[in-house]
Amino acid sequence: MNETLVTLVGNAATAVEFRETASGGMARFRFAVTPRRWDRAKEAWADGHTSFYTVWAWRTLATNLTGSVAVGEPLVVHGRLKVREEELAGQRRTFVDIEAVAVGHDLTRGTAAFRRVVRGEPGLTSRYGPAPLAAGEDPWAVRETPEGRGGDEEPVGAGEPAGGAGPSADRPVERPAARRRTVRQKGGAAPRKTDSGLVTA
């Protein structure tokens, strides 16, 4: 209540200082605002008096400022205006602070690319979608876990000689050939099954 919210357009005068506190991250930097006025006598734009502010940010905004703002960049700062007085070297000095609510680049002076920050690893039900797949990974592949297999079923490769000399005698070797014959007969006579369970023409 009774807060003074202001929006300032200027440039970052110093680098962002960041440090961790008990309540989270904290960042601050000096912000320079220089108005420009039309000089009728010279018929040209002239810079006015530069005002300096200390911009304070907390938690997520503080962390993002550290990796986004550099000295001299044009910014738009929106936040709460705070005026404080301190005594330094026997003199009373007035400081004007801005507790930032939002900070962004001034796009009238250039371009910027926004990058969303996601905390933690998003799951399948996250609003940001699942985690990216590894290179060459099939997104539709069915991934079986060892718990999902039958207790009596041997894992793939079981019973084969060392070095991959050939398949075991327990596994039929005619299945790939039967599948190929079924594809060639598509549209012709229906294939029939034998007692061994193999599909023949």
Side-chain angles (χ1 to χ4, degrees), residues 1-140:
M1 297 295 293
N2 299 329
E3 295 179 334
T4 304
L5 293 174
V6 296
T7 301
L8 305 177
V9 180
N11 297 80
T14 63
V16 178
E17 300 177 11
F18 177 84
R19 73 180 183 206
E20 290 287 349
T21 66
S23 59
M26 182 192 71
R28 69 175 182 178
F29 65 95
R30 294 285 284 171
F31 191 58
V33 178
T34 304
R36 290 179 60 84
R37 297 184 176 89
W38 178 256
D39 190 337
R40 294 183 178 179
K42 298 180 180 180
E43 295 186 351
W45 288 97
D47 292 339
H49 175 72
T50 301
S51 301
F52 288 90
Y53 304 85
T54 301
V55 179
W56 299 82
W58 306 89
R59 291 175 287 279
T60 303
L61 178 57
T63 303
N64 293 343
L65 276 176
T66 306
S68 304
V69 174
V71 178
E73 292 185 347
L75 303 174
V76 179
V77 176
H78 178 73
R80 304 175 185 89
L81 178 66
K82 305 286 185 180
V83 180
R84 56 187 174 88
E85 291 185 357
E86 294 184 3
E87 186 172 347
L88 298 175
Q91 295 182 349
R92 299 285 295 180
R93 300 186 60 181
T94 302
F95 298 90
V96 182
D97 299 335
I98 305 294
E99 291 186 1
V101 175
V103 178
H105 287 97
D106 183 2
L107 297 185
T108 63
R109 308 273 299 278
T111 61
F114 179 78
R115 292 175 299 179
R116 185 179 299 276
V117 177
V118 181
R119 303 298 180 189
E121 182 179 359
L124 295 177
T125 59
S126 171
R127 61 179 296 186
Y128 304 113
L133 296 173
E137 185 177 358
D138 185 3
W140 301 104

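Here the structure is a predicted model, which is why all the values come from computation and not from measurement. For this chain, numbers begin at 1 and follow the sequence in order.
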* Going from CG on Leu75 to CZ on Arg109, what distance comes out if it is rounded to the nearest 0.5 angstrom? -> 9.5 Å
* To do: Kindly check if the number of other-residue, nucleotide or ligand heavy atoms within 6.0 Å of CD (Glu87) is above 12?
  => yes
* Structure fact -> With sequence neighbours left out, the residues meeting side-chain contact (heavy atoms from CB on, under 4.5 Å) with Arg80 are Glu3, Leu5, Lys82, Glu99, Val101
* Asked: Taking only residues two or more places apart in sequence or in another chain, which ones pass side-chain contact (heavy atoms from CB on, under 4.5 Å) with Thr4?
  -> Val6, Leu81
* To do: Could you list the residues that satisfy salt bridge (charged side-chain N to carboxylate O under 4.0 Å, His left out) with Arg19, not counting sequence neighbours?
  => none
* Asked: Does Glu85 have any side chain to side chain donor-acceptor pair (under 3.5 Å) partners at least two apart in sequence or in another chain, and if so, which?
  -> Arg92
* Asked: Can you list the residues that meet the side-chain contact (heavy atoms from CB on, under 4.5 Å) rule with Ala112, with sequence neighbours excluded?
  -> His105, Leu107
* Partner of Val69 under side chain to side chain contact (heavy atoms under 4.5 Å, CB included), chosen from Thr14, Asn64, Val16 -> Val16
* To do: Can you tell me which residue pairs pass the salt bridge (charged side-chain N to carboxylate O under 4.0 Å, His left out) test with a partner in residues 21-32, sequence neighbours excluded?
  => Glu17-Arg28
* For the residue pair Ala27 and Phe18, what are the closest heavy atoms and their distance? -> CB-CD1, 4.2 Å
* To do: For Ala46 and Asp39, work out which heavy atoms get closest and say how close.
  => CB-CB, 4.5 Å
* Using 30° and 60° as the class limits, which term best fits the ring planes of Phe29 and Phe31: parallel, tilted or perpendicular? -> perpendicular
* **Separation of Arg115 CZ from Ser68 OG (nearest 0.5 Å)** => 6.5 Å
* Could you pull out all residues at least two apart from Thr34 that satisfy side chain to side chain donor-acceptor pair (under 3.5 Å)? => Thr50
* To do: With sequence neighbours excluded, tell me which residues meet salt bridge (charged side-chain N to carboxylate O under 4.0 Å, His left out) with Glu86.
  => Arg84
* Heavy-atom closest contact (Val77 atom, Ala100 atom, distance) -> CG1-CB, 4.4 Å
* Structure fact -> Looking only at heavy atoms, the pair that brings Leu65 and Ala57 closest together is CD1-CB, 3.5 Å
* side chain to side chain donor-acceptor pair (under 3.5 Å) with Asp47: which residues, sequence neighbours excluded? -> Arg36
* How would you list all residue pairs meeting salt bridge (charged side-chain N to carboxylate O under 4.0 Å, His left out) that involve residues 53-66, not counting sequence neighbours? -> none
* To do: Just grab all the ring pair (Phe, Tyr, Trp, His ring centres under 6.0 Å) pairs involving residues 35-55, residues at least two apart or on different chains.
  => Trp38-Trp45
* **Set of side chain to side chain donor-acceptor pair (under 3.5 Å) partners for Thr108, sequence neighbours left out** => Asp106
